[in-house]
Amino acid sequence: MSAVPDLGAGLSVTRRGFLALSAAGLAAATGCAGGGGRPSATPGGLSLQPGPVILDVAGHEVPTWGYGTVPGPEIRLRAGDTLRVRLHNGLPEDTTVHWHGLAPPNGMDGVPDVTQRPVPPGGTFRYEFRTPVAGSFMYHSHVGMQLDRGLYGPLIVEPRDEPLAYDREYTLMLDDWADGLDDGGDHTDHGGLPPEAAVDGDPTTAVSFGGRTYPLLLVNGRPPEDPPVMEGRPGDRLRLRVMNIAADTGFRFAVAGHRLTVTHTDGMPVEPVTVDALRLGMGERYDVLLHLDQRDGAWQVGVAPEGRPGWGRAVLRYAGSPASSSPPVTAWPTELDGRPATYGDLLAVEPPELPAGAPDRVFDLTLQRTEISGQSYPDADPLTVAEGEWVRVTMRNTSAKWHPMHLHGHHFQVLTPSGRGPVKDTVTVPARGGAVTFDFLATNPGDWLFHCHNHHHMTDGMVRLVRYTSP
Ligand code: C2O
Ligand code: CU
């Protein structure tokens with residue numbers, strides 16, 4: 001397991017450099033003093049300490065909670081490694097850590113009162129499990145709305161043999177932010193929003209993932225006035241790991257002057273497909289390759305919330321371009337209006353091996369308001385499965401919000417017309433009659449959460465348990 005420092009411009013690793021340099025050497029080489037942004041190594045692994053932190057939002061000091069920094073330190077392993085993390089709770093309330101997208105044994109999943117007792121203030125808990133599957137994942141608190149305060153970070157599992165060729169990689173965590181902004185600071189004035197970012201006037205067509213007020217959008221904890229900067233040389237290929245960790249906001253994502261080649265969704269490989277933009281529900285991730293086929297310049301990386309005002313961004317700067325050159329804060333990449341990748345575009349490279357015939361177990365669920373088939377967790381029936389079964393889940397969404405539904409402990413395959421839909425752990429079900437079906441193999445016994453990754457909807461009860469019957 002390696003601890004990789006935050007390089008300031010977000011979480012960046014030079015592939016060859018990462019392999020060649022120790023974390024300390026890399027930190028020195030980039031002028032990053034270390035400390036914040038790195039999980040502290042202990043003899044038995046890494047230590048994560050959730051606690052109060054001050055987030056610097058373009059010069060405004062916002063008191064909040066985090067794992068030392070917001071986002072928390074990157075955790076990076078190799079497929080087949082064992083993740084060892086000691087959680088030491090520095091918060092004034094209970095907490096846990098959930099490893100979003102990983103499929104650990106049930107007791108390591110970090111869901112309070114379901115898979116473990118919550119860790120009290122001052123308490124500790126040791127997470128330890130193998131991570132056989134490579135991909136772009138996240139970790140976050142699974143207690144109440146703690147994620148929304150900043151208790152999240154990226155978790156990368158590298159394959160033993162990287163099949164992709166690229167020169168550098170960056171992780172971009174997209175977040176919505178409301179906390180601590182009522183301190184008199186004027187955080188909401190971004191010099192005028194791009195008109196396209198305004199709420200769609202027609203409520204019957206607007207894409208909306210949530211309804212709360214989030215005045216600020218952050219990329220790697222940074223507001224549009226102080227964006228993370230990604231760098232590369234002409235001809236380079238960058239790998240971006242784009243992750244939506246927001247509580248209440250779906251995003252569109254695009255890079256001005258460049259197209260995106262999608263290689264993974266939710267960490268799982270897909271046949272490469274080149275698109276203008278991405279759409280990410282909360283909890284979803286996309287890996288894309290970006291070919292730096294312009295000659296120079298600084299290019300806007302646009303992060304547009306769906307169906308609500310606001311704006312987030314990063315900057316892509318070609319080496320040699322003046323550090324002062326930066327697109328106007330609100331410049332809108334036309335690529336954002338292009339076609340985003342759809343699930344139908346994506347073909348799984350490693351689909352699950354489903355047996356011949358029909359599923360053993362079928363669940364037909366309705367998403368309505370923040371209920372699942374008229375029930376609100378914890379007053380809700382578990383979805384009972386048996387080990388070894390092929391399980392099919394269909395969700396029909398009759399509500400006005402788009403719901404990104406996340407299943408713990410498993411990867412599922414989304415049914416698409418190609419018959420080779422992508423393998424994911426979070427899938428967005430469109431509003432007003434939208435439907436999504438997925439299949440999975442029940443190979444990881446335990447009680448697993450299945451819920452909307454809008455954390456307000458989740459805490460309102462938009463949750464079911466997937467429960468394995470004991471043999
Ligand atoms: Cu990312 Cu149950 O969560
Ligand atoms: Cu929802």
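In listed order, ligands and their atoms are each counted from 1.
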Enquirer: Within the structure provided, determine whether Val273 and Leu346 are in side-chain contact (heavy-atom separation under 4.5 Å).
Expert: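 Side chain of Val273 against side chain of Leu346, heavy atoms only: contact under 4.5 Å found.
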Enquirer: Answer yes if the side chains of His142 and His100 hold a donor-acceptor pair under 3.5 Å, and no otherwise.
Expert: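 Result is no, nothing qualifies.
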Enquirer: How is the N/O/S atom of His453 that comes nearest to atom 1 (Cu) of ligand 1 named?
Expert: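 Sorting the N, O and S atoms of His453 by distance to atom 1 (Cu) of ligand 1 puts NE2 first.
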Enquirer: Can you check whether Asn220 reaches Leu172 side chain to side chain, under 4.5 Å on heavy atoms?
Expert: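 Contact flag for Asn220/Leu172 side chains = yes.
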Enquirer: Testing the 3.5 Å rule here: is there a donor-acceptor pair between the side chains of Asp439 and Trp390?
Expert: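 The answer is yes; a qualifying pair exists.
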Enquirer: Quick check: does His451 put an N/O/S atom under 2.8 Å from atom 2 (Cu) of ligand 1?
Expert: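 So His451 counts as coordinating atom 2 (Cu) of ligand 1, yes.
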Enquirer: Does His408 bring an N, O or S atom to under 2.8 Å of atom 1 (Cu) of ligand 1?
Expert: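 Short answer: no, not a single N, O or S atom is under the cut-off.
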Enquirer: Can you tell me if Thr426 and His406 form a side-chain donor-acceptor pair at under 3.5 Å?
Expert: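 Yes, because at least one side-chain N or O of Thr426 sits under 3.5 Å from a partner of the opposite role on His406.
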Enquirer: Within less than 2.8 Å of atom 1 (Cu) of ligand 1, any N, O or S from His100?
Expert: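 His100 does place an N, O or S atom closer than 2.8 Å to atom 1 (Cu) of ligand 1.
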Enquirer: Could you tell me which N, O or S atom of His403 is nearest to the Cu ion (ligand 2)?
Expert: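 Of all N, O or S atoms in His403, the Cu ion (ligand 2) lies closest to ND1.
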Enquirer: Tell me whether the Cu ion (ligand 2) has His453 as a neighbour, meaning an N, O or S atom of it below 2.8 Å.
Expert: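 It does not; every qualifying atom lies at 2.8 Å or beyond.
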Enquirer: For residues Ser376 and Asp379, is any side-chain donor paired with an opposing acceptor at under 3.5 Å?
Expert: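 Distance-only check fails for Ser376 and Asp379.
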Enquirer: Suppose we only allow N, O or S atoms; which atom of His457 ends up nearest to the Cu ion (ligand 2)?
Expert: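 The atom in question is ND1.
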Enquirer: For a distance under 2.8 Å, tell me if His406 has an N/O/S atom near atom 2 (Cu) of ligand 1.
Expert: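 No, outside the cut-off.
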